[in-house]
Amino acid sequence: MGAQTQDVNLTQAGLDHWAAAQPNGKTNGHTNGHAAQPLQLLDASKLTFQYADSTAREVPTEAEANAGLETICTDHMITCKWKAASGWEKPEMVPYGPLSLMPTASVLHYATECFEGLKAYRGFDGKLRLFRPDMNAKRMLMSTLRISLPGFEPKELEKLILALVAQDGPKWLPRSRPGSFLYLRPAMIGTQPQLGVQAPKEALLFITASFMPRLDLPQGGMRLHTNPEDMVRAWVGGFGYAKVGANYGPSLLATQEAKERGFGQILWLYGPEGYCTEAGASNFFMVWRAKESEGGKLQLITAPLDDRLILDGVTRRSVVQIAKERLADEIEVVERKYTIDEVLEADKEGRIVEAFAAGTAFFVCPVSWIHHRGQDVHIPMGKGEMGQYTSKIKNWVGDIMYGNEQHEWGVVVDELQQ
Ligand SMILES: *Cc1c(COP(=O)(O)O)cnc(C)c1O
């Protein structure tokens with residue numbers, strides 16, 4: 001990269017523009033010669049309720065819920081419309097069901113979509129918790145602004161997520177099922193029904209709660225196949241760091257191909273150097289012993305955030321922090337670029353200790369095998385299902401999620417009824 005400074009930083013300019021249009025009688029900038037209207041902010045306290053008949057559907061078992069081809073959602077969802085001229089309308093809690101969109105809606109043509117993924121956990125102490133939802137809400141704002149969707153106060157999104165879980169949690173995540181979870185999916189789409197490549201002037205925020213299969217213990221560990229030579233998931237200057245739908249559709253071809261060959265996910269490499277970035281839609285970690293020439297220490301290594309290639313995972317951050325706090329005597333946590341050749345070399349020298357993928361969907365999932373262009377790296381899985389460090393980290397984070405450890409990362413939901 002050159003050392004020249006940019007004359008205009010468009011990303012920052014976009015964020016500043018949004019910030020300037022915030023509270024205290026700020027205007028929308030679309031005055032068209034008329035007096036400016038105050039813009040309505042996203043306001044969770046204005047949530048309206050239209051209840052579903054909660055006796056109409058029974059709660060399936062996890063196995064039943066995940067057996068079909070359709071994600072089973074709970075009784076309700078939250079929706080909220082936005083218009084450039086007036087801002088956010090009142091958020092609504094409504095029965096789960098189809099959305100109505102014009103075929104010319106922005107999202108259907110220009111991928112003006114972003115999303116979040118987090119879980120609600122039924123604790124072993126009977127309480128219902130979210131895990132660091134503030135981080136998801138902030139990341140969602142970053143994603144929306146990246147694709148010219150409207151901004152909002154992250155705290156308000158967090159309150160809406162909590163409201164949905166407070167409503168549907170008691171029935172759909174009953175106290176009789178400690179250790180289970182629901183998957184929460186906030187998303188935003190550009191809905192303005194006008195063709196033409198432009199920032200949408202209408203948008204819709206919605207939040208669903210649903211079942212999702214447990215993905216953290218695939219038989220024999222997760223197997224990774226490196227990406228085809230002619231594909232990358234993300235690139236410097238791109239949007240790999242944002243949870244925008246446009247990152248995922250184009251990755252499915254390689255993933256499907258890998259699955260047909262018996263692998264679970266793609267290990268996405270980047271650049272001619274083959275930097276290891278992410279495992280499917282999860283962050284990727286390895287435990288290895290550094291070369292003697294580099295100190296020979298045990299390291300937990302993962303790709304860095306600074307070049308904005310990878311998604312800044314909440315699970316990744318939590319793993320990094322907890323390993324720094326609780327494994328400091330044994331392991332050095334390293335966030336740096338590292339290549340597949342370094343992995344192959346470490347394997348030849350017997351320095352690989354463990355590997356795992358980390359994300360909300362896969363939680364902390366042991367990786368047992370990496371296939372890279374005719375070469376195979378078999379990774380130790382410890383005595384049982386996973387190695388000792390993977391296991392320790394997974395248990396520490398899991399204990400916070402399920403209330404075995406009281407921790408500020410576990411946010412207790414104030415449930416309604418039942
Ligand atoms: C969502 C996601 C992750 C994991 O993020 P979490 O916040 O831990 O769920 C990692 N990589 C990609 C590409 C993702 O989309």
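Note that ligands are numbered from 1 as they come in the structure, with each ligand's atoms numbered from 1 the same way. Not measured: the values here are computed from a predicted model.
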Examine the side chains of Ser210 and Thr71 and answer whether a donor and an acceptor come within less than 3.5 Å of each other.
no

Check the pair Glu294, Arg351 against salt bridge (charged side-chain N to carboxylate O under 4.0 Å, His left out), reporting the backbone distance first and the verdict last.
CA-CA 13 Å; Glu294 286 163 16; Arg351 290 186 284 109; over 6 Å; no

Just one of Arg289, His378, Glu345, Met286 clears the side chain to side chain contact (heavy atoms under 4.5 Å, CB included) bar with Ile352, so which one?
Met286

Side-chain donor-acceptor pair present, Trp88, Asp43, cut-off under 3.5 Å
no

What does the 4.0 Å heavy-atom contact list look like for ligand 1?
Arg139, Arg233, Lys243, Tyr248, Glu278, Ala281, Ser282, Asn283, Leu311, Gly313, Val314, Thr315, Gly359, Thr360

4.5 Å side-chain heavy-atom contact, Arg146 and Cys114
no

Using distance alone, with no hydrogens and no angle criterion, decide if Thr277 and Arg233 have a side-chain donor and acceptor under 3.5 Å apart.
no

